[in-house]
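The structure appears right after this line, and notes come after that.
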Amino acid sequence: MSDIRYNAPEKEKHWQKIWAEKKLFNATNDYSKPKYYVLEMFPYPSGNLHMGHVRNYTMGDVIARYKRAKGFNVLHPMGWDAFGMPAENAAQQHNVHPGEWTYQNIANMRTQLQSMGFSLDWDREFATCDVEYYGKQQELFLEFLAAGLVDRKKSRVNWDPVDNTVLANEQVIDGKGWRSGAEVEQRDLTQWFFKITDYADELITALDDLPGWPDKVKLMQSNWIGRSEGMEVNFELNDTPTEFPSLKVYTTRPDTLFGASFMAISAGHPLAAALAKDNPKVQKFINECNAIGTTEEAIETAEKKGYDTGITATNPLNPRQKLPVYIANFVLMGYGTGAVFGCPAHDQRDMDFARKYNLPVTVVMANDNLDINTFNAQSLDADTEDGLLINSGFMDGMNKQQALEAVAKKLENQQLNGHPQGTRKTNYRLRDWGISRQRYWGCPIPVVHCDQCGTVPVNKADLPVELPHDVTFDKPGNPLDHHPTWKHVACPKCGKDSTRETDTFDTFIDSSWYYARFADSKSEKAVNREAADYWLGVDQYIGGIEHAILHLLYSRFFNRAMKKCGYTSIDEPFTNLFTQGMITHETYKDQDGAWLNPEFVLFDSDGETRQAKHFETNQPVTIGSVEKMSKSKKNVVDPTDFVTNFGADTARWFTISDSPPERDFLWTDAGVDGSYKFTQRIWRLVCENSNGDVLDLENAPKNLDAQATSLRVITHKSIKNVSQAIENLHFNVAIAQIYMLTNAISSFASKADKKDAVAQFVLFEALTRLVQLFGPIMPHLAEECWQQLGYKNLAAQELWPDFEHALTVDDTVSIAVQINGKKRDILTIAKDATKDEIEKAAFALEGVIRNIEGKTIVKKIIVPGRIVNIVVK
RNA sequence: GCGGAUAUGGUGGAACUGGUAGACACGCAAGACUUAAAAUCUUGUUUCCGUAUGGAAGUGGGGGUUCGAUUCCCCCUAUCCGCACCA
């Protein structure tokens with residue numbers, strides 16, 4: 001019977017056409033039905049779908065199809081995160097308009113997505129670069145502006161002086177611009193900000209209301225926002241430029257003030273700038289600090305350096321102590337006040353700095369693990385353990401909490417220049433969200449700069465502010481800025497000649513509200529309130545862990561901002577969040593050390609070691625480590641080729657089959673083969689055991705023999721377990737259960753008398769349920785099998801089966817019997833056996849008798865249904 | 001540097017609230033079918049000792065709690081992800 005073959009690529013097209021014609025997956029805005037909104041993070045249209053997308057969207061699709069079968073009105077939409085730098089890069093490199101490039105990519109990727117058989121509502125599709133979308137985004141911005149959620153202030157950027165452009169962090173390589181190779185400078189530009197810090201506290205607190213989010217993501221967000229309780233302390237300065245009589249620092253550890261040995265200010269601090277004015281050495285040092293870059297990572301991993309300004313600061317608790325003030329490269333201007341005091345004994349960064357510049361180290365907190373005698377002189381490691389205060393005057397003997405309270409009171413009451421010298425302050429690591437980008441391919445910021453009226457919002461009636469199509473990329477800088485006419489407009493207020501803002505929005509804004517637009521993507525308003533009230537929040541959001549912080553935090557903020565402006569009613573956009581792992585693959589290099597695409601690699605497995613050679617040249621190939629699939633390492637598998645060869649169902653099945661979905665997934669050819677063979681095996685199994693007669697599954701026959709009963713048991717257990725596994729997103733577990741059911745059906749079918757009515761029934765029931773259970777994962781094969789079984793409707797329209805509870809409960813259990821914690825035998829006994837019965841039966845077991853012979857019983861642990869453990873001596 | 005995660009056979013992984021470690025799949029081995037191969041089917045497969053009944057070890061490494069630890073606690077190692085203008 002091996003000639004029964006399932007031609008997946010051909011059949012898949014057939015069923016996709018039928019689904020599309022019937023518009024089977026379009027959500028209806030019928031607000032009377034129970035809804036379920038499943039959304040996967042929409043893709044950037046890079047031009048090609050990759051396997052990461054396939055895995056991500058398969059997970060969402062399984063849920064969508066499952067929930068549909070469960071009777072929900074399911075919204076499962078798709079769109080495109082279509083603004084961004086790659087389009088501009090393509091424009092410069094290949095002389096193609098970013099819009100053309102983007103829409104072409106979208107067309108290509110849409111075809112690819114459709115070939116995967118995802119049950120998407122294509123009628124709601126949009127791209128963020130559609131003027132219908134970004135025009136609404138401008139409407140939102142104007143509302144936010146009016147609501148006081150927007151700010152304009154200076155911010156530091158990477159500046160390429162040759163290309164005359166702002167560089168993204170990823171475009172700065174070793175301190176140089178990626179294209180020009182020029183030394184990157186830091187510049188302060190006036191930019192637009194969303195006041196996300198106004199919501200800092202709420203964004204932390206509300207994490208508690210998100211039980212459907214992974215704890216690790218909530219923790220990451222909480223750490224990112226970084227709430228800390230501390231003090232602002234004002235230090236009097238000596239020998240300082242007159243406009244800076246004092247220096248304000250933020251500290252969470254004012255209790256360690258007696259251990260202070262220096263002050264450090266950021267290179268961006270106004271005091272540093274003032275000193276640099278007439279001291280070129282200071283300026284040079286500031287420039288050095290700036291060269292490190294704008295990322296926190298770069299700043300914190302750079303070797304610690306300081307410049308002694310010659311100024312000193314008076315310790316507010318110890319007026320005789322004058323602390324040297326350094327400009328230091330490890331102090332961030334964006335956090336706190338941009339100035340700190342250094343207490344080397346109890347902070348590692350301060351310790352590193354103190355050892356480098358020979359500054360004193362004073363221990364002010366003692367604990368049992370700290371030897372004060374050796375510590376001061378030699379230690380390179382700061383001691384961060386809590387203890388009791390020493391060398392700290394009025395705080396001596398206090399613990400940390402007491403000392404924090406005491407020092408706070410003291411500094412609050414102490415005056416400097418007529419103000420309290422210290423104030424308690426809650427600080428956040430979170431900074432306001434800078435949203436200005438000096439680029440063309442983004443949403444124009446709808447404001448106008450007028451000499452007379454200042455910054456004026458565009459009138460709502462004049463929206464959208466459309467991007468001009470006729471731009472060139474041959475000149476350095478922002479094309480919007482040097483467009484001949486676009487930016488010249490009349491001021492909306494006074495009518496005089498003025499200029500448009502030429503910055504565009506950060507593309508994170510585009511992705512911060514798209515989920516709400518999907519509720520009614522044709523709506524005249526940015527968000528259709530009624531539709532949003534029905535569909536939001538997203539019941540299941542799925543995407544990569546790399547978005548754990550920024551995208552998800554911005555969306556949470558944005559949703560609150562939209563609520564404030566009356567667009568939505570709820571705070572949290574995503575009720576349940578799932579972060580899936582990446583797809584990885586082995587890497588290969590040829591003899592010259594160049595990365596090699598897997599399709600060129602042939603393997604020899606002679607015995608123990610695996611060897612590889614080039615498919616064409618026969619040259620040996622080095623097998624490298626497993627890495628995330630990426631173009632640069634060429635360890636990618638193209639979904640289009642794959643679907644042409646094996647079909648979408650195999651890809652869908654394989655990408656969620658083995659690994660738990662939150663974990664990385666290793667792509668192997670062997671795994672692909674296994675999945676492909678399984679699709680064929682199912683098709684054979686269904687063909688060989690069906691005659692097109694549909695039996696009534698509501699009327700199960702009585703008096704089944706043992707074999708038939710056991711097939712019914714596994715059928716119903718499978719319904720139960722697969723349902724549960726899908727609900728929990730444990731797709732790999734669901735798949736293991738489907739394999740088990742398949743094995744059981746094969747084994748039954750090979751033995752059973754197929755003329756027997758009972759056998760026919762249990763076999764038909766098992767096959768029907770099997771097809772339904774794998775249906776969400778391999779929907780095309782399911783339709784084909786469904787038809788083969790004799791059903792006249794579509795599998796995709798069939799409701800999810802229920803299971804008979806009685807068949808899923810066993811009446812006996814087998815429990816392990818241990819002697820001294822080691823398993824010695826297994827006891828099979830009635831589920832409801834009492835402790836005494838279990839004990840009696842356990843001691844009758846051969847394995848027990850053998851192992852307790854001649855020994856004394858010390859203890860017996862009997863947990864019914866679980867374990868027997870006999871402790872002997 | 002800071003923050004987050006991961007580690008179980010040859011491989012991917014399973015194991016509910018601490019209770020039979022290795023489900024399920026891949027691979028491999030042997031066998032059946034075949035002129036042969038592919039495909040398919042059957043059986044076996046953590047490692048070590050033993051012909052075997054059986055025994056010992058075993059969930060990255062080290063320690064601890066417990067009758068019992070992949071699961072809880074402490075320390076360490078390795079790998080991966082994020083760090084605000086990549087999306």
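Below, read A as the first sequence line, B as the second, and so on, with proteins coming before strands; counting in each chain starts at 1.
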Distance only, no hydrogens: is a donor on one side chain within 3.5 Å (strictly under) of an acceptor on the other, for [X] and [Y]?
X	Y	answer
Asp432(A)	Thr197(A)	yes
Asp160(A)	Ser180(A)	yes
Arg156(A)	Asn290(A)	yes

Counting heavy atoms from C-beta on, name the nucleotide in [options] closest to the side chain of [X].
X	options	result
Tyr44(A)	G19(B), C85(B), A87(B)	A87(B)
Val733(A)	U20(B), A15(B), A84(B)	A15(B)
Ile545(A)	C81(B), C85(B), A84(B)	C81(B)
Ala736(A)	A23(B), A87(B), C41(B)	A23(B)
Gln818(A)	G19(B), C67(B), G3(B)	G19(B)
Gln438(A)	U20(B), C85(B), A56(B)	C85(B)
Lys216(A)	C80(B), C83(B), G4(B)	G4(B)
Ser659(A)	G13(B), C24(B), G19(B)	G13(B)
Asn743(A)	G82(B), C24(B), A14(B)	C24(B)

[N] OP1/OP2 closer than 4.0 Å to side-chain N/O of [X]:
X	N	value
Ser657(A)	A25(B)	no
Arg431(A)	A84(B)	no
Asn732(A)	A14(B)	yes
Lys859(A)	C67(B)	yes
Asn169(A)	A84(B)	yes
Thr507(A)	A87(B)	yes

Less than 3.5 Å between a donor and an acceptor, one on the side chain of [X] and one on the base of [N], is that the case here?
X	N	answer
Glu297(A)	C2(B)	no
Glu546(A)	C80(B)	no
Thr668(A)	U11(B)	no
Asn223(A)	G3(B)	no
Glu296(A)	C83(B)	no

Nearest-nucleotide 5' precedence on RNA chain B, Arg349(A) against Val166(A): Arg349(A)

First of Ser675(A) and Val863(A) reached from the 5' end of RNA chain B, by closest nucleotide: Val863(A)

[N] pairs with, by Watson-Crick or G-U criteria that keep both distances under 3.5 Å:
N	value
A57(B)	U46(B)
A87(B)	none
A39(B)	none
G18(B)	none
G10(B)	C26(B)
C80(B)	G4(B)
U34(B)	none
A52(B)	none

Near-ring test Trp667(A)/Phe654(A), centroid separation under 6.0 angstrom: yes

Output field: ring centroids Trp653(A)/Phe678(A) closer than 6.0 Å: yes

Rounding to an integer number of angstrom, what distance separates [N] and [M] when you compare their [atom1] atoms?
N	M	atom1	answer
A21(B)	A69(B)	P	10 Å
A14(B)	A23(B)	C1'	5 Å
A25(B)	G4(B)	P	38 Å
U59(B)	U51(B)	P	28 Å
G10(B)	U47(B)	C1'	12 Å
A30(B)	G62(B)	P	37 Å
C33(B)	A38(B)	P	15 Å
G19(B)	G82(B)	C1'	38 Å

Sidechain-backbone polar pair: His730(A) side chain, Asn732(A) backbone, donor-acceptor under 3.5 Å: no

Parallel, tilted or perpendicular, as decided by the 30° and 60° cut-offs, for the rings of Tyr57(A) and His53(A):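 Parallel.
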
Whether Phe508(A) and Tyr554(A) hold their rings parallel, tilted or perpendicular, with breakpoints at 30° and 60°: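 Aromatic pair Phe508(A)/Tyr554(A) classed perpendicular.
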
By the 4.0 Å heavy-atom rule, please label [X] as base, sugar-phosphate, or nothing.
X	answer
Asn869(A)	base
Phe508(A)	base
His551(A)	nothing
Lys822(A)	sugar-phosphate
Ser746(A)	nothing
Leu219(A)	sugar-phosphate
Pro660(A)	sugar-phosphate
Ala670(A)	sugar-phosphate
Arg663(A)	sugar-phosphate
Ser436(A)	base
Thr301(A)	base
Arg429(A)	base
Glu846(A)	nothing
Ile299(A)	nothing

Nearest-angstrom distance from the residue atom CD1 of Ile173(A) to P of C86(B): 12 Å

CD on Glu88(A) to CH2 on Trp101(A), rounded to 0.5 Å: 11.0 Å

Stepwise side chain to side chain donor-acceptor pair (under 3.5 Å) check, Trp192(A) with Glu501(A): CA-CA 10 Å; Trp192(A) 292 95; Glu501(A) 171 70 69; 2.8 Å; yes

